[in-house]
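Remarks on the structure that follows.
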Protein chains: 2
Amino acid sequence: MAEIRLPKARRGRPRQAEVARLAGVSQTTVSLVLSGNKQGIALHPDTRARVLQAARQLGYAPDPAAQRLAAARNDLLGVFSFTATFPTDVAHSYYPILVGVEQEAVARGYDLVLFTGSSSAPARAGRADALDRVRLADGCLFLGRHVPADELRRLVEQGYPAVHIGRRDELDSLAWVGADYAEATAEVVRRLAALGHRHVVLVCETDEALASTDRERGFRGALAQTGLTGEVVRAADPAAEITGEWVRSQLAAGVRAFVAEETDTCAAWRALLTAVEDAGLTAPADLSLALLGAPPADLAHLPEPTGFDVPKAELGAAAVRTLTALLTAGAADCSPLVPCEFRPGRTAGPAPHP
Amino acid sequence: MAEIRLPKARRGRPRQAEVARLAGVSQTTVSLVLSGNKQGIALHPDTRARVLQAARQLGYAPDPAAQRLAAARNDLLGVFSFTATFPTDVAHSYYPILVGVEQEAVARGYDLVLFTGSSSAPARAGRADALDRVRLADGCLFLGRHVPADELRRLVEQGYPAVHIGRRDELDSLAWVGADYAEATAEVVRRLAALGHRHVVLVCETDEALASTDRERGFRGALAQTGLTGEVVRAADPAAEITGEWVRSQLAAGVRAFVAEETDTCAAWRALLTAVEDAGLTAPADLSLALLGAPPADLAHLPEPTGFDVPKAELGAAAVRTLTALLTAGAADCSPLVPCEFRPGRTAGPAPHP
DNA sequence: TTGTACGCGTTATCAA
DNA sequence: TTGATAACGCGTACAA
């Protein structure tokens, strides 16, 4: 098999000094000409031409490392996720977000550095701790709620530009972007109200995620606003508590609309679907169902749930915008909420008149 | 909306000099300790401990630009793709390759920088330095055949360590890794032969991709090896040329096995499937079908095609191995071919005895 | 065992 | 209009 060998002349790369020598000017002048003369300094056209000619002749290209050292920035944005950025199993976890991150970063002239917290790199002596490593980038995005709070706090308090994707309240001064779960949930309730529903039950899991409390807040707010009555059921073990019997009793009490929150496992939603089936009922004929988020991939064959979609790409893009604002202006709005899009779906319909 | 402001005092990242001041040593000592003391210089354990402690306390992380400028290395590997790395159209996304790249890079102590040469970068569009940006990293992987050849050539000729993912012959001295399409295709033909087939037709598109010629070469080689007869059909417009009628005429000529190559669009495969259906036939009962690659996502509901899978993660890992060999040894095998895995599938079966 | 001095290639501030 | 000169942060002979 053939072999590729690197040319030994690694130092043979032309530098500004050599261009200067060829053009008969100083290296400073070369820098001035080649960097586009942003300072508006007057330059003799001949000098300019000679420099450009010499640079072309030598095939000069600036060394990005040197440029970035001098400019005290490297146009790098970090993306840190505690779980693997590219998980082998859950192929699509952060992917949609990364789409938005990359697009927005590219549009703003930044490159991306990927950091994975869970990765067990061979312990190289002197290597910075997991989170400190991100400092190599001008700023960093953090994904997922598993980012260690204390290390993150230190980073932020030392003035490192960081933006968390997903709500993160416990750290004051930490910028974050998140989806507007409250408003999206409220919209779902309003839609149900418009369909004639008077009673709505929200099924949650006991996971105390911030997104969960957001949804509950939006739920209660919309109830008050629309004059509906409703209840929040927090099930530690949805599969056990949300049964066909439970559904029947709710129907007996006049409830015709059930809303479940989306989680990693979507246990609440799954339990609800199973319970409805066990009760021998169908949506949207007998009752209405809604999912506060997107259904898991393995449920893709079922009728599309009424609910809302979190615009994940937009979330990533918003995070980049916030981070670059931090970078360039030194400040940014701390919590731009990205609106979710209502998804009509096919699991909710008019409330049967009693 | 509240505002997040970066602490003005702590602006900027900690440098070795500050670590040195905190530890009560010189900057040199800090550098020595943090870079792992490769020179084997004797260091007092206490000094070492103090430096490490100070570095951690300050959250020190080395500046990649400065490292690269001084030491000509920074343990960063670049990944350059001309099209977006995370395209909205998930179809031809590099995600599976990146999985392998990340794993292998992390295992070898490298971090990853994603460079996107997309045209949407405002300031850099069309500039010759689009590719030169990657020089910030010690070496770089290049994805896709759209990487501009002349810029890439310059990079390589100046001794920059680069590895192309996917076959790339037109540049001498450019290392690349690719899937072994020829052998994988040959294996498919051999399997068909083992099933009793005597005549095989390969349907290609007119796309002159290197992978396409590889497949054709493997096809012809296996024909000779197995004593089968066969034909290669290159269709400019598969949907128009590969019709039910065409299939019938092939069957009349004794052909019972059809093989299509995989492309971005998979037009050949789609045409073949449609044609077989139009002819009122079914695979594998009436004839055998094989796909040289993976089926597109929107055809996932169909029976799994017989054929082979390109181990994309392994491809990425192999690329990293080649690149790191280039970095550490200055040379590497130029074209490690990654073997593909035969996929039995359910579209090929025993040839009906005539 | 630790510190001094210098160079890497570029940009920026001043003098000339 | 141009050219010395000094950073930028880090690695490393060489000296102490």
Side-chain angles (χ1 to χ4, degrees), chain A residues 10-21 23-51 54-55 58-76 124-128 135-138, chain B residues 11-21 23-51 54-55 58-76 129 132-133 135-136 138 158 160:
Chain A
R10 297 186 62 150
R11 282 275 174 265
R13 215 156 83 74
R15 305 168 283 186
Q16 282 189 348
E18 307 182 18
V19 176
R21 210 149 27 81
V25 298
S26 82
Q27 177 267 333
T28 306
T29 306
V30 173
S31 173
L32 213 58
V33 171
L34 294 182
S35 56
N37 190 10
K38 311 277 186 194
Q39 288 86 28
I41 294 178
L43 271 174
H44 195 86
D46 290 354
T47 311
R48 192 181 132 79
R50 282 213 315 282
V51 169
L58 261 46
Y60 169 82
D63 181 343
Q67 280 184 310
R68 288 167 175 179
L69 180 58
R73 51 186 267 182
N74 52 29
D75 293 333
L76 252 34
R124 285 206 289 115
R127 186 137 191 177
R135 291 181 188 261
L136 133 185
D138 285 343
Chain B
R11 197 78 153 272
R13 319 167 359 172
R15 303 165 287 186
Q16 282 189 348
E18 307 184 16
V19 177
R21 213 149 23 83
V25 298
S26 80
Q27 176 262 331
T28 306
T29 306
V30 174
S31 173
L32 216 57
V33 170
L34 293 183
S35 56
N37 191 12
K38 312 275 186 196
Q39 289 83 29
I41 294 178
L43 272 172
H44 194 86
D46 290 354
T47 310
R48 193 182 131 79
R50 281 214 316 281
V51 169
L58 260 46
Y60 170 81
D63 181 335
Q67 271 186 317
R68 177 132 188 83
L69 194 55
R73 66 174 286 169
N74 55 16
D75 294 329
L76 251 35
D129 67 339
D132 283 314
R133 253 184 322 152
R135 305 191 105 113
L136 177 66
D138 288 345
Q158 289 181 349
Y160 184 79

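Computed from a prediction, not measured in an experiment: that's the story for all the values here. Numbered from 1 within each chain, the chains take letters A, B, ... in sequence-line order.
- A straight line from CZ of A:Arg15 to P of C:dT11 spans 15 Å, rounded to a whole angstrom.
- With hydrogens and angles ignored, the 3.5 Å screen pairs a side-chain donor or acceptor of B:Arg50 with a backbone N or O of B:Ala23.
- The salt bridge (charged side-chain N to carboxylate O under 4.0 Å, His left out) check on A:Arg73 picks up A:Asp75, with sequence neighbours excluded.
- For A:Asp63, the salt bridge (charged side-chain N to carboxylate O under 4.0 Å, His left out) partners at least two apart in sequence or on another chain are A:Arg13.
- Residues forming a side chain to side chain donor-acceptor pair (under 3.5 Å) with A:Thr28 (at least two apart in sequence, or on another chain): none.
- Judged as a salt bridge (charged side-chain N to carboxylate O under 4.0 Å, His left out), and not counting sequence neighbours, the contacts of B:Arg15 are B:Glu18.
- Atom CG in A:Leu69 sits about 13 Å away from atom C1' in C:dA12, given to the nearest Å.
- We find that CG of B:Asn74 is positioned 12 Å from C1' of D:dC10, with the value rounded to whole Å.
- Atom CZ in B:Arg13 sits roughly 12 Å away from atom C1' in D:dC8 (whole-Å rounding).
- Rounded to whole Å, the distance from CZ on A:Arg135 to C1' on D:dG9 is 15 Å.
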Strictly under 3.5 Å: I want the nitrogen or oxygen pairs between protein and nucleotides 2-4 of chain D, one per line.
| unit_1 | atom_1 | unit_2 | atom_2 | d |
| --- | --- | --- | --- | --- |
| D:dT2 | OP1 | A:Thr47 | OG1 | 2.3 |
| D:dT2 | OP2 | A:His44 | N | 3.1 |
| D:dT2 | OP2 | A:Thr47 | OG1 | 3.4 |
| D:dG3 | OP2 | A:Ser26 | N | 2.9 |
| D:dG3 | OP2 | A:Ser26 | OG | 3.3 |
| D:dG3 | OP2 | A:Thr29 | OG1 | 2.7 |
| D:dA4 | N7 | A:Thr28 | OG1 | 3.4 |
| D:dA4 | N6 | A:Thr28 | OG1 | 3.2 |

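- Residues meeting the side chain to side chain donor-acceptor pair (under 3.5 Å) test with B:Gln67, sequence neighbours left out: none.
- In the model, B:Arg135 has a side-chain atom that pairs as donor or acceptor with a side-chain atom of B:Gln158 under 3.5 Å.
- Backbone-only engagement by B:Ala71 is indicated by non-hydrogen atom pairs under 4.0 Å involving sugar-phosphate atoms exclusively.
- Between the B:Thr29 side chain and the B:Val25 main chain, no donor and acceptor come within less than 3.5 Å of each other.
- Between its two ends, the helix from C:dT1-D:dA16 to C:dA16-D:dT1 turns its axis by 50°, counting five pairs per end and rounding to 10 degrees.
- Contact annotation for A:Gln16: base contact, defined as any heavy-atom pair under 4.0 Å involving a base atom.
- Counting only distance, with no hydrogens or angles, the side chain of A:Asn74 and the backbone of A:Leu69 share no donor-acceptor pair below 3.5 Å.
- Taking only side-chain nitrogens and oxygens, B:Gln67 never comes nearer than 4.0 Å to OP1 or OP2 of D:dG9.
- What separates CG of A:Asp63 from P of C:dT11 is a distance of 10 Å, to the nearest Å.
- Rounded to whole Å, atom C1' of D:dG9 lies 13 Å from atom CG of B:Leu34.
- Atoms CG (B:Leu136) and P (D:dG9) sit 16 Å apart, rounded to a whole Å.
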